[in-house]
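Notes for the one structure printed next.
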Amino acid sequence: MPATLSRAARTRIKICGLTREADVDAAVEAGADAIGFVLWAGSARHVTLARAAELARRLPPFVMPVGLFVNATQPEIDAACTAIPNLLLQFHGDETPAQCDAASTGRRPYMRAARMKPGFDLLDFAQSYPNAQAILLDAHVDGYGGGGKVFDWSLVPSGVPRPVVLSGGLSPANVIDGVLRVRPWAVDVSSGVEVGKGLKDPELMRRFCEAVREADARRADADRGE
Ligand SMILES: O=C(O)c1ccccc1NCC(=O)[C@H](O)[C@H](O)COP(=O)(O)O
């Protein structure tokens, strides 16, 4: 895989923390490329594996389910991979590179979250997870993630050796700026499209995806020198 994919023609979109059928359908309709299910019981957006599998069965081709884990056990991860065969794993706890590789049984694709704060060496972090399909950049919040907080995007250096997913406090109001400044492979949102924890708003999801498409258009114009 090319190390950096920031020149992708289209910024991919993940919407995370879904718990309801109607929200899954609306997210797909809005244009999400990936739907995240929080499989960590410590989150207000938590869904059981059975519920996540039920929701994931609603996804059409080319829209992928993402399972979000925080320091899960191997049996928990194995059960999730069995229940949802095309599940992309997202490790959002304190998992080491070895734990991530072992948990993904060394072959299943996974994303590793990085909790960004001043002084955090993202280049070193990304290099220590060479098998991660992407590094998801989130704000450093209490409770591991889903905090609705924006981190300082100037903390993201150029040349990160893995595809980057920009996350943390994104919304329809700021995602254009985030895409143009960070030029990520993808963006990820949860709080910014909600009316309550785990309760997504179809109109906010539509506006978020529309804003990402606008950002891509502006990025293409800038790349053409227009
Ligand atoms: O969403 C949660 O409740 C959550 C809890 C614990 C760890 C991670 C969690 N979410 C992970 C995500 O991928 C979120 O989309 C990401 O943290 C951004 O959330 P937000 O800032 O609310 O958009």
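Start at 1 and go down the list; that is how both ligands and their atoms are numbered. A quick note: this is a predicted structure, and the numbers were derived from the prediction, not measured. Values below: all heavy atoms of this structure, side chains included; hydrogens, waters and symmetry mates excluded.
- Checked against a 3.5 angstrom limit, the closest N/O atoms of Val70 and ligand 1 fall outside it.
- Looking only at heavy atoms of the protein, atom 19 (O) of ligand 1 is closest to Gly146 CA, 3.3 Å.
- The closest approach between a heavy atom of Gly148 and any atom of ligand 1 is below 4.0 Å.
- Note that CD of Glu54 and CZ of Phe37 are 10.0 Å apart. Values are rounded to the nearest 0.5 Å.
- Under the 4.0 Å criterion applied to side-chain N and carboxylate O atoms, Glu29 and Arg206 are not assigned as salt-bridge partners.
- Closest to atom 14 (C) of ligand 1 among all protein heavy atoms lies Asp188 OD2, 3.4 Å.
- Here the side chains of Tyr144 and Leu68 are not in contact, with every heavy-atom distance at 4.5 Å or above.
- Within the 4.5 Å cutoff, the side chain of Val165 has no heavy atoms near those of the Ile135 side chain.
- Every side chain to side chain donor-acceptor pair (under 3.5 Å) that Asp138 has, sequence neighbours left out, goes to His92.
- Nearest to atom 18 (C) of ligand 1 among the protein's heavy atoms is Ser167 OG, 3.1 Å.
- For CD of Glu203, the number of neighbouring non-hydrogen atoms (other residues, nucleotides, ligands) closer than 6.0 Å is greater than 12.
- Taking only nitrogen or oxygen atoms, main chain and side chain alike, Arg45 reaches within less than 3.5 Å of ligand 1.
- Here ring pair (Phe, Tyr, Trp, His ring centres under 6.0 Å) pairs that include residues 42-80, with residues two or more places apart or in two chains, number zero.
- Under 4.0 Å from ligand 1, heavy atoms of Ser190 appear from its side chain as well as its backbone.
- In this structure the side chain of Arg115 reaches within 4.5 angstrom of the side chain of Asp94, judged on heavy atoms.
- Ranking the protein heavy atoms by distance from atom 22 (O) of ligand 1 puts Ser191 OG, 2.4 Å first.
- With a 4.0 Å cut-off on non-hydrogen atoms, Lys197 does not touch ligand 1 at all.
- Of the inter-residue distances, the one linking Met64 atom CE with Ile84 atom CD1 reads 11.5 Å to the nearest 0.5 angstrom.
- Taking each of Cys16, Gly17, Ser43 in turn, the one with a heavy atom nearest to atom 3 (O) of ligand 1 proves to be Ser43.
- Heavy-atom contacts of Gly168 reach the following atoms of ligand 1: 18 (C), 21 (O) (cutoff under 4.0 Å).
- Those atoms of ligand 1 that come under 4.0 Å of a heavy atom in Gly143, given as number and element, are 6 (C).
- The closest donor-acceptor contact from the side chain of Ser190 to the backbone of Cys16 lies under 3.5 Å.
- Protein heavy atom closest to atom 11 (C) of ligand 1, with residue, atom name and distance, is Leu68 CD1, 2.9 Å.
- Of all the atoms in ligand 1, the ones that sit under 4.0 Å from a non-hydrogen atom of Gly169 are 20 (P), 21 (O), 23 (O).
- Atom-to-atom distance recorded for Asp188:CG and Leu137:CG is 10.5 Å, nearest 0.5 angstrom.
- Ligand 1 has no N or O atom lying under 3.5 Å from any N or O atom of Gly145, backbone or side chain.
- The closest approach between a heavy atom of His46 and any atom of ligand 1 is not below 4.0 Å.
- Protein heavy atom nearest atom 17 (O) of ligand 1, with residue, atom name and distance: Asp138 OD2, 2.6 Å.
- Among the atoms of Tyr144, none of the N or O lies under 3.5 angstrom from an N or O of ligand 1.
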